[in-house]
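Counting starts at 1 for both ligands and their atoms, following the listed order.
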Amino acid sequence: MTQTIIGLTGGIGSGKSTIASLFAKLNVDYIDVDDVAREVVKPGTELLGLIHDRYGPSMLNDDHSLNRATLRHIIFNDLNEKKWLESITHPIIRSTTMEKLHKSTSKYCLLVHPLLFETRQNEICSDVISISVPQTLQIERVCKRDYSTKEDALKIIQTQISNQERIQKAKYVIENTGNMNELGDKVYAVHQQILNNMNE
Ligand code: ADP
């Protein structure tokens, strides 16, 4: 079991998945909370059943998977529904995440979370890496990846703490403004720092 959990956080489109895969190449395990959040509402799960019971068949795609866009639309427009959804999903996401963290055997394990500080999950981490990107680049990358509009990208960014606040709270910062090669070098440097700090 890994004793050391290192948080990896950044806003939407900041490069969390990309950076987590670069750490994986260095044999560092990672648990991505967004992946866990998808897993717990897979077809056949109790949670998906509850969501279906509350909102009806429009919640499901033809293949019985969750229609995330429709659900997102509901919770973005109704705070009570957002609270209801969070009250049923968050505990299961948390326990599943903890189980996965405990199964990791790498020297340290990354906990990848877009809302690490907002949900106080940083408290279970030894240290945190924050990804820094200017908002314009963040929006550009999200629009390109998700075919979303600038307005929608901005709406999500506004529900998250600012880049600056995230940087202030982190021990390590990775600035993701360069190309993939530069990013690989930065990830390697932070990995070395983490290992050195663990050995002190
Ligand atoms: P997040 O997981 O934080 O939402 P992603 O890792 O999915 O962000 O990155 C958002 C988009 O930007 C993806 O399409 C990814 O391929 C791209 N991207 C991330 N970092 C870089 C980079 N340094 N250079 C070019 N594209 C990048």
Side-chain angles (χ1 to χ4, degrees), residues 5-41 66 68-69 71-73 75-76 86 89-90 93-94 96-97 100-101 104 106 108-122 125 127-194:
I5 301 168
I6 303 284
L8 174 64
T9 191
I12 179 172
S14 58
K16 292 179 295 298
S17 311
T18 310
I19 289 174
S21 326
L22 292 169
F23 273 98
K25 285 192 186 162
L26 302 170
N27 295 319
V28 176
D29 293 339
Y30 68 88
I31 312 300
D32 187 325
V33 175
D34 281 344
D35 293 340
V36 177
R38 270 187 281 273
E39 188 185 314
V40 299
V41 292
L66 175 64
R68 303 178 71 83
L71 183 61
R72 209 178 296 131
H73 184 76
I75 63 163
F76 262 134
E86 287 175 354
T89 54
H90 282 185
I93 294 172
R94 253 170 218 242
T96 309
T97 301
K100 288 176 185 284
L101 285 168
S104 160
S106 57
Y108 62 92
C109 183
L110 291 178
L111 172 59
V112 184
H113 201 319
L115 302 174
L116 189 79
F117 293 113
E118 292 90 329
T119 58
R120 299 176 60 170
Q121 292 280 86
N122 59 307
C125 301
D127 284 309
V128 174
I129 308 167
S130 282
I131 306 165
S132 166
V133 272
Q135 205 180 79
T136 44
L137 186 57
Q138 197 181 352
I139 291 174
E140 194 182 297
R141 285 179 179 161
V142 172
C143 291
K144 207 163 148 195
R145 183 191 62 186
D146 302 342
Y147 306 105
S148 77
T149 62
K150 275 187 186 175
E151 289 71 29
D152 281 351
L154 200 60
K155 251 190 194 173
I156 296 176
I157 291 171
Q158 281 162 351
T159 66
Q160 307 179 331
I161 61 169
S162 70
N163 211 17
Q164 197 185 8
E165 204 176 337
R166 225 182 264 115
I167 293 166
Q168 274 167 2
K169 290 176 186 240
K171 172 144 179 161
Y172 308 100
V173 176
I174 296 179
E175 201 176 312
N176 186 13
T177 46
N179 62 29
M180 287 300 294
N181 279 340
E182 287 167 307
L183 189 60
D185 291 346
K186 286 180 182 170
V187 165
Y188 186 74
V190 170
H191 173 62
Q192 292 305 329
Q193 283 176 42
I194 293 170

Top protein contact for [atom], by heavy-atom distance:
| atom | value |
| --- | --- |
| atom 17 (C) of ligand 1 | Arg141 CD, 4.1 Å |
| atom 19 (C) of ligand 1 | Thr18 OG1, 3.5 Å |
| atom 20 (N) of ligand 1 | Asn176 ND2, 3.0 Å |
| atom 8 (O) of ligand 1 | Gly15 N, 3.1 Å |

Exercise for the section: For Gly11, counting its heavy atoms only, list the atoms of ligand 1 lying under 4.0 Å from any of them. Expected result: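 Every atom of ligand 1 under 4.0 Å from some heavy atom of Gly11: 3 (O).
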
Fill in the blank from the handout: If we number the atoms of ligand 1 from 1 as shown, the ones under 4.0 Å from a heavy atom of Gly178 are 22 (C), 23 (N), 24 (N)

Handout entry: Gap between atom CZ of Arg94 and atom OG1 of Thr97 - 0.5 Å precision
Key =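 With rounding to 0.5 Å, OG1 (Thr97) is 8.5 Å from CZ (Arg94).
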
Handout entry: side-chain contact (heavy atoms from CB on, under 4.5 Å) between Leu110 and Ile19, worked out
Key = CA-CA 11 Å; Leu110 291 178; Ile19 289 174; 5.9 Å; no

Exercise for the section: May I have the step-by-step check of side-chain contact (heavy atoms from CB on, under 4.5 Å) for Arg141 and Asn176, ending in yes or no? Expected result: CA-CA 11 Å; Arg141 285 179 179 161; Asn176 186 13; 3.3 Å; yes

Handout entry: Min heavy-atom dist Ala20 to ligand 1 below 4.0 Å
Key =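 Contact check Ala20 vs ligand 1: negative.
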
Exercise for the section: Examine ligand 1 and decide if any of its atoms is less than 4.0 Å from a heavy atom belonging to Gly13. Expected result: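 Under 4.0 Å: yes for Gly13.
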
Problem - Student check: side-chain heavy atoms of Ile131 and Lys16 closer than 4.5 Å - result: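 The answer is yes; the side chains approach within 4.5 Å.
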
Fill in the blank from the handout: Out of Lys186, Arg145, Lys16, the nearest non-hydrogen contact to atom 13 (C) of ligand 1 is supplied by Arg145

Handout entry: Ring centers of His191, Tyr108 separated by less than 6.0 Å
Key =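 When the ring centroids of His191 and Tyr108 are compared, they turn out to be within the sub-6.0 Å range.
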
Exercise for the section: Please report the C-alpha distance between Arg120 and Asn122 in whole Å, then the side-chain angles of each, then the deciding distance to 0.1 Å, and finally whether the side-chain contact (heavy atoms from CB on, under 4.5 Å) criterion is met. Expected result: CA-CA 5 Å; Arg120 299 176 60 170; Asn122 59 307; 4.3 Å; yes

Handout entry: Nearest non-hydrogen partners of Ile12 and Gln160, listed with the distance
Key = N-OE1, 3.1 Å

